[in-house]
Structure formats: C-alpha cells, structure tokens
**Student:** 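Here it is: the structure, laid out below.
Just so we're on the same page: letters track the sequence lines, and every chain starts at 1.
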Protein chains: 2
Amino acid sequence: MLYYKSATSGPIMRIAILGTGDVGSRLGSKLVVMGNEVRMGSRTAKNAKGAAWAKAAGAKASAGTFAEAAKFGEVVFNCTLGAVSLEALKQADADNLAGKVLVDVANPLDFSKGMPPTLTVCNTDSLGEQIQRAFPDAKVVKTLNTMGNVVMVNPGLVPGNHDVFLCGNDGLAKAKVVEILHGFGWKSPIDLGDITAARGMEMLVPIWLRLYGKFQSPNFNFKIAR
Amino acid sequence: MLYYKSATSGPIMRIAILGTGDVGSRLGSKLVVMGNEVRMGSRTAKNAKGAAWAKAAGAKASAGTFAEAAKFGEVVFNCTLGAVSLEALKQADADNLAGKVLVDVANPLDFSKGMPPTLTVCNTDSLGEQIQRAFPDAKVVKTLNTMGNVVMVNPGLVPGNHDVFLCGNDGLAKAKVVEILHGFGWKSPIDLGDITAARGMEMLVPIWLRLYGKFQSPNFNFKIAR
C-alpha cells in the first residue's frame with residue numbers, strides 16, 4: 001500500500017493561526033487535515049478556546065500565545081477581528097513575523113455603530129495596507145476575506161465556479177498562498193496585484209452582508225463572469 | 001403581417017436621460033430601440049453631444065436641458081458623473097422629479113486625487129441615499145452601476161449567467177425598473193432591499209476598476225454563485 005500526499009492538499013508546513021474565532025478554527029482544522037502542523041495563538045497562553053480547538057484537532061495541533069504561534073509558523077494567518085488585528089499582531093511581535101508570509105483574512109468591521117457593521121477603514125486605505133505598513137518585514141497577502149468561513153475551506157459547497165481573490169506586494173508569498181488555496185479546493189485564484197487591492201476586496205463586504213441577509217445563508221460567493 | 005412588441009423589450013414610455021456621456025448615450029439609444037421616447041438632458045439647451053446623440057438615435061430621440069428632459073420623462077435616469085449628480089438633479093428641478101422613478105446609475109467617483117479614483121462618499125452613506133434625501137418625492141432606484149456601459153444594455157456580451165443588482169425604498173418603482181432591466185436582457189435582477197444597499201453596490205466599484213485594469217477589458221461582470 002502506498003501512502004501519498006493528495007495532489008490538492010497543498011504544501012506541508014508549520015502554520016500559525018492568530019485568533020480563536022470561527023474563521024481561525026475553520027482554517028486551522030482544515031490545515032491540520034491537510035497534514036500541516038498548526039499552532040493557534042490567542043491573547044493569553046491558557047485561552048480556553050485555543051486549548052479546546054487544539055485538543056479536538058489532533059496531534060498536529062497546538063495552542064499558545066500570539067507570539068508563540070507566530071514564532072512557530074512559517075506562514076502566519078491573521079484571523080483576528082479586523083478592528084483589533086494591528087494590536088494582536090503587535091503582541092505576535094514584529095520579529096516573529098519578519099520575512100514570513102502573513103495571510104490576512106480579516107475584515108475591518110466596526111460593530112460599534114450598530115448593525116449592519118461599517119468598515120473602520122476603506123476607500124483610501126485598507127486593513128491589509130495598514131498591516132503591511134505596520135510590519136514592513138512581513139509579506140502580507142490578503143485573501144479569503146470575501147466569503148463565509150465554511151466556503152473558505154470548502155468552495156465545493158457553493159455550486160458552479162466562483163472566485164477567491166488575493167493581493168500582496170511579494171510574488172513568491174502570493175505563490176505560496178495560491179498553493180494553500182489550491183489545497184482548500186480553489187482552482188484559479190484571481191491575483192489583483194499589490195496590497196492596495198485590499199481596498200476593493202474589503203469593500204466587497206457590505207454587499208456580502210446584504211446578500212447574507214437576503215439569502216439567510218452564507219453559502220454563496222462572488223464569481224467574476226467573463 | 002402582425003406588428004408586435006417583443007416580449008423582452010420592456011414597457012413603452014417617455015424616458016429622460018440626464019447626462020450626455022457614454023452611459024447616457026448607451027442607455028438612451030437602447031431605450032429608443034426598445035420603442036421608448038427618450039429625451040437627453042444636459043446643462044445647456046444647445047449641448048452639442050446631446051444634439052448629436054438625438055440626431056443619430058432617430059425620431060423618438062430628443063435633447064434639451066436637464067429640466068426639459070426631467071419634465072418630459074415618466075422615468076428619469078441619472079447618468080451624470082456621480083460627483084456632480086446632486087447639482088445636475090437640482091438643475092433638473094425637484095418638481096420635475098416628484099412622484100417619478102429616478103433610476104440612479106451613477107458612481108460617486110473622485111478623480112481629483114489621481115488614479116485609481118476613490119469614492120466621494122461610502123461606508124456610512126452613498127450617492128443613492130444622498131439623492132433620495134435631497135429629492136424625497138422622487139422614487140430613487142439604484143441599479144446598473146456595477147458594470148461597464150456596454151454590458152448594461154447587452155448582458156449577453158459576457159458569457160454565462162451574471163447579475164445586476166437594484167435597491168430602493170419603493171416596491172412599485174423597483175418593479176418598473178425590473179421591467180426595463182428585463183428589456184435590456186437581464187433575467188433575474190437581484191433586489192437588495194432599501195436604498196441603503198446603494199452603499200454596498202457603489203463599494204463594488206473599486207474592485208471592478210482593479211479587475212478592469214487586470215483584464216484590460218470592461219466585458220466582465222459580477223455573478224453571485226449560490
């Protein structure tokens with residue numbers, strides 16, 4: 001009997017997931033299933049959600065602080081709430097992010113003014129750009145922020161072809177993220193260019209929220225027909 | 001021989017097109033072809049582009065001032081540049097817009113800060129809402145702002161299924177706009193609810209512009225896969 005890595009499972013590596021919410025748990029679990037070692041980071045070392053996730057996700061999963069996770073990962077996923085991402089990444093420590101691929105899947109949602117949420121930043125700037133400016137030695141790649149977390153790791157849940165976008169300043173970092181996206185099941189990620197495209201990607205969120213309210217389900221996604 | 005109106009040509013009516021640019025010309029010409037009487041309005045009565053359009057578009061086409069066009073139309077299309085739409089609509093005169101369907105296809109693009117343009121309003125407000133507030137007796141319906149003007153009146157140009165959105169506070173006004181959209185060839189317009197959905201619709205423009213730059217063609221469109 002031959003054991004082999006599935007052609008679509010993506011590269012095996014050490015990955016940090018910053019954030020213990022639905023997005024972090026979903027991505028972390030999928031990355032473990034794909035064979036990667038994943039450490040989930042949170043504000044405190046003894047975070048109950050991080051520990052519970054690690055226990056459930058199996059031997060290749062672990063949990064720790066933002067800094068412990070970031071230090072561990074070759075690739076770091078920012079899955080924290082957008083409004084606190086910069087603070088969480090500071091706790092992760094710039095030294096632990098330097099030279100690494102920092103995959104930003106967060107949206108800068110502002111729930112403080114009631115529903116629906118607005119964006120804390122948009123139009124002339126974006127969270128992706130703010131993160132790249134604050135951590136110039138990290139290779140920020142924005143992606144996966146334009147869909148629900150279940151669809152992120154299971155695009156087949158939505159019928160037909162549909163799209164995931166990515167952007168960032170570093171071509172090799174984007175190539176590594178595309179490999180991971182292939183592992184999630186995304187066939188042809190659309191590269192929108194440098195990190196300033198994060199503006200348009202994050203500005204998709206208001207109509208996504210409106211459609212979510214209309215459909216009463218997050219199982220839909222944007223497709224670019226052409 | 002029987003003469004009949006095509007089932008997909010939409011209702012026959014008097015329509016005002018405010019604005020003499022590519023969007024106004026394209027929509028106006030299509031609406032004439034569909035059998036409607038169309039008057040194109042501009043800042044001055046003797047606008048050369050308006051006159052040239054009317055001459056080319058045939059017997060059912062005419063041109064005049066914003067106010068003359070708005071007074072003429074049962075349905076009024078705002079095809080002016082978003083940054084000057086409120087001023088143009090003031091010239092059209094609130095009395096000429098009262099009780100009418102005001103179809104807002106404009107985008108609030110700000111070219112003053114260089115390329116790519118940003119939005120003059122977004123996130124917590126929109127051009128569609130600004131227009132509805134400024135002209136409370138008009139029935140504002142936002143639509144068609146999320147694609148290039150050729151695709152607006154010829155969705156078949158883009159392969160496969162793809163979508164047009166609309167929103168507004170008045171259900172009957174939206175029903176009338178849906179009839180017109182059917183006449184343009186749109187099978188299933190997506191009603192996003194009240195006019196506040198104009199925020200999400202206008203915030204699609206930055207990623208549209210990015211994709212336009214990538215594809216070097218405006219012949220693409222958003223589809224909501226589900």
**Student:** Decide whether Thr196(A) and Arg210(B) meet the rule of one side-chain donor and one side-chain acceptor closer than 3.5 Å.
**Tutor:**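 Per modelled atom types, Thr196(A) and Arg210(B) side chains form a pair under 3.5 Å.
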**Student:** List the atom of Ala225(B), the atom of Pro159(A), and the distance in Å for their closest heavy-atom pair.
**Tutor:**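 It is CB-O, 4.0 Å.
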**Student:** Which one wins on heavy-atom pair count under 4.5 Å against chain B: Gly160(A), Gly213(A), Ala197(A), Cys122(A)?
**Tutor:**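 Ranked by heavy-atom pairs under 4.5 Å with chain B, first place is Ala197(A).
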**Student:** Find out whether Asn123(B) and Met203(A) are in side-chain contact, i.e. whether some heavy atom of one side chain is under 4.5 Å from a heavy atom of the other.
**Tutor:**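 The answer is no, as the side chains (C-beta and beyond) never meet within the 4.5 Å cut-off.
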**Student:** Please report the interatomic distance OG1(Thr118(B)) to CG(Asp125(A)), rounded to the nearest 0.5 Å.
**Tutor:**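 Output value for this atom pair is 12.0 Å.
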**Student:** Flag the one option from Thr124(B), Leu204(B), Asp110(B) with the top tally of heavy-atom pairs under 4.5 Å to chain A.
**Tutor:**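 With the most close heavy-atom pairs to chain A, the winner is Leu204(B).
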**Student:** Looking at every non-hydrogen atom in both residues, tell me the closest pair between Pro206(B) and Gly200(A) and how far apart they are.
**Tutor:**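 Looking at all heavy atoms of both residues, the shortest contact is CB-CA, 3.9 Å.
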**Student:** Walk me through whether Ile190(B) and Leu211(A) qualify under side-chain contact (heavy atoms from CB on, under 4.5 Å).
**Tutor:** CA-CA 9 Å; Ile190(B) 296 179; Leu211(A) 290 162; 4.1 Å; yes
**Student:** Determine whether more than 12 heavy atoms belonging to other residues, nucleotides or ligands lie under 6.0 Å from atom CG of Asn154(B).
**Tutor:**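 Enclosed: over 12 neighbouring heavy atoms sit under 6.0 Å from CG of Asn154(B).
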**Student:** Flag the one option from Val205(B), Leu119(B), Val158(B) with the top tally of heavy-atom pairs under 4.5 Å to chain A.
**Tutor:**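 Looking at each of Val205(B), Leu119(B), Val158(B) in turn, Leu119(B) comes out on top.
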**Student:** Any idea which of Val151(A), Asn219(A), Asp194(A), Leu209(A) has the most non-hydrogen atom pairs under 4.5 angstrom with chain B?
**Tutor:**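 Sorted descending by pairs with chain B, the first entry is Asp194(A).
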**Student:** Would you call Ile207(B) and Phe222(A) a side-chain contact if the rule is heavy atoms closer than 4.5 Å?
**Tutor:**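 Not in contact.
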**Student:** Any chance CZ of Arg133(A) has more than 12 other-residue heavy atoms, nucleotides or ligands included, within less than 6.0 Å?
**Tutor:**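 Yes, the 6.0 Å shell around CZ holds more than 12 heavy atoms from other groups.
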**Student:** Is it the side chain or the backbone of Asp163(A) that comes within 4.5 Å of chain B heavy atoms, both, or neither?
**Tutor:**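 Asp163(A) has no heavy atom closer than 4.5 Å to chain B.
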**Student:** More than 12 non-hydrogen atoms from neighbouring residues, nucleotides or ligands closer than 6.0 Å to CG on Leu157(A), yes or no?
**Tutor:**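 Above 12, so yes.
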**Student:** Which value, rounded to the nearest 0.5 Å, describes the distance between Phe165(A) atom CZ and Lys214(B) atom NZ?
**Tutor:**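 Those atoms lie 10.5 Å apart.
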**Student:** Would you say NZ of Lys176(A) has more than 12 non-hydrogen atoms from neighbouring residues, nucleotides or ligands within 6.0 angstrom?
**Tutor:**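 Open.
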